[in-house]
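The next block holds one structure in the form of structure tokens; read it before the comments.
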Amino acid sequence: DIVGAWGRTRDFQITGWGESDLDVLVSEVAASQRKRVGPDQTPKLGAYYRQDAFEFARAGVPSLYLRRGVDFIDKPAGFGEVMVAAYIENDYHQVTDIVHPDWDLSGAAELAEFAFATGYRLTRGGPFPQWLDGTEFKAKRDSMMRAGDSPTAVELKKP
């Protein structure tokens with residue numbers, strides 16, 4: 001949904017920013033790609049609770065939704081907001097919600113590289129991501145960890 005369809009940006013948005021210590025990781029990855037990263041610029045849309053990774057959060061597994069930025073390279077200020085508003089108004093979840101031949105997917109390619117680099121860094125070891133204190137999913141995760149029923153502790157069971 002709403003990938004970088006209108007070109008490259010100087011930044012990326014994180015839906016779920018401030019919820020877990022994944023913020024540190026994505027900030028490091030963004031800096032290595034000479035990008036800024038920050039919170040979702042349209043929280044009123046409720047994307048965190050509607051995105052695919054939300055089921056992980058509900059189960060207690062820290063998650064986030066990596067999104068295209070809003071500071072478009074070689075575009076006027078506010079360009080992204082206008083394009084997203086038009087997309088939501090005219091195409092989002094409509095029969096016209098298709099790939100258009102005039103899209104500039106260079107931003108989508110950068111977002112894919114960012115997502116890959118973030119996932120790769122997660123696979124390189126280190127502590128499992130944790131929810132920050134005060135987040136609504138932390139209690140579920142803490143309970144799961146006390147019970148020994150975590151993604152890092154569960155044994156695969158044969159059917």
Side-chain angles (χ1 to χ4, degrees), residues 1-124 126-138 140-141 151:
D1 290 336
I2 313 178
V3 297
W6 304 293
R8 297 174 54 225
T9 60
R10 293 177 185 85
D11 62 335
F12 295 118
Q13 297 178 81
I14 307 299
T15 300
W17 183 267
E19 298 287 329
S20 75
D21 60 7
L22 286 169
D23 296 353
V24 174
L25 174 68
V26 295
S27 294
E28 290 170 357
V29 173
S32 74
Q33 295 183 356
R34 295 188 173 107
K35 298 280 189 182
R36 296 184 316 271
V37 66
D40 181 354
Q41 297 298 299
T42 54
K44 67 181 182 284
L45 296 177
Y48 189 74
Y49 298 93
R50 297 181 339 197
Q51 48 106 0
D52 294 337
F54 179 66
E55 290 304 313
F56 287 107
R58 277 183 9 135
V61 178
S63 64
L64 46 77
Y65 173 27
L66 308 174
R67 297 180 55 204
R68 51 103 195 107
V70 295
D71 184 8
F72 283 81
I73 297 171
D74 298 326
K75 305 286 189 211
F79 172 81
E81 291 84 358
V82 169
M83 297 304 288
V84 169
Y87 170 76
I88 291 171
E89 176 73 24
N90 300 313
D91 297 313
Y92 185 63
H93 290 180
Q94 305 296 319
V95 296
T96 56
D97 195 355
I98 59 172
V99 174
H100 296 274
D102 63 336
W103 280 0
D104 175 356
L105 297 175
S106 59
E110 284 189 336
L111 182 60
E113 289 173 12
F114 178 62
F116 178 83
T118 300
Y120 181 76
R121 288 277 304 273
L122 280 168
T123 68
R124 303 300 295 162
F128 193 84
Q130 301 296 314
W131 294 107
L132 299 178
D133 288 336
T135 59
E136 66 184 288
F137 306 107
K138 186 175 184 343
K140 173 74 172 175
R141 174 78 181 158

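Contact annotation: the side chain of F128 approaches that of R141 to within less than 4.5 Å [non-hydrogen atoms, C-beta and beyond]. Contact check for S27 versus W17: side-chain heavy atoms found under the 4.5 Å cut-off. Residues Y48 and P43 have side chains not in contact (no heavy-atom distance under 4.5 Å, counting atoms from C-beta outward). A 4.5 Å side-chain heavy-atom check between I14 and R67 finds every atom pair outside the cut-off. Inter-residue side-chain proximity for F114 and V26 is flagged as met; some heavy-atom pair is nearer than 4.5 Å. Side-chain atoms of D11 and V37, non-hydrogen and from C-beta on, never get closer than 4.5 Å to each other.
Annotation: the span from D97 atom CG to N90 atom CG amounts to 11.0 Å, rounded to 0.5 Å. The CG atom of L22 lies 9.0 Å from the OG1 atom of T118; values are rounded to the nearest 0.5 Å. One distance of note links CZ of R68 with CD of Q41; it measures 9.5 Å at 0.5 Å rounding. Note that CD of E89 is 13.0 Å distant from OH of Y87, once rounded to the nearest 0.5 Å. Separating the CG atom in L25 from the OG atom in S20 is a distance of 9.0 Å, to the nearest 0.5 Å. Here the CD1 atom belonging to I88 is positioned 11.5 Å from the CD atom belonging to Q94, to the nearest 0.5 angstrom.
Nearest heavy-atom pair, V29 versus A117, reported as atom, atom and distance to 0.1 Å: CG1-CB, 3.6 Å. L132 approaches T135 most closely through the heavy-atom pair O-OG1, 2.8 Å.
Here E110 pairs with K35 in a salt bridge; the nearest charged N to carboxylate O distance falls below 4.0 Å.
Within 6.0 Å of the CZ atom in R36, the count of heavy atoms belonging to other residues, nucleotides or ligands exceeds 12. Within 6.0 Å of the NZ atom in K140, the count of heavy atoms belonging to other residues, nucleotides or ligands does not exceed 12.
Every pair tested for salt bridge (Lys or Arg N to Asp or Glu O under 4.0 Å) that includes a residue from residues 42-53 fails, sequence neighbours excluded, so the list is empty.
The aromatic rings of F137 and W131 are tilted relative to each other, their planes meeting at an angle between 30° and 60°.
Without hydrogens or angle criteria, R10 side chain to F72 main chain gives a donor-acceptor distance under 3.5 Å. Under the 3.5 Å distance criterion, the side-chain polar atoms of S63 are matched with a main-chain donor or acceptor of A53. The closest donor-acceptor contact from the side chain of D21 to the backbone of P129 lies at 3.5 Å or more, if one exists at all.
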(request) Let me see the working for F12 and L111 under side-chain contact (heavy atoms from CB on, under 4.5 Å), right down to the final yes or no. (result) CA-CA 8 Å; F12 295 118; L111 182 60; 3.8 Å; yes

(request) Please step through side-chain contact (heavy atoms from CB on, under 4.5 Å) for the pair E19 and L64, ending with a clear verdict. (result) CA-CA 8 Å; E19 298 287 329; L64 46 77; over 6 Å; no

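In summary, the side chains of D71 and T9 do not present any donor paired with an acceptor at a separation below 3.5 Å, with no hydrogens or angles considered. With 3.5 Å as the limit, one finds a donor-acceptor pair spanning the side chains of D40 and T42.
Taking the centre and axis of the six-membered ring of F79, the NZ or CZ atom of K75 falls inside the cone set by 45° and 6.0 Å.
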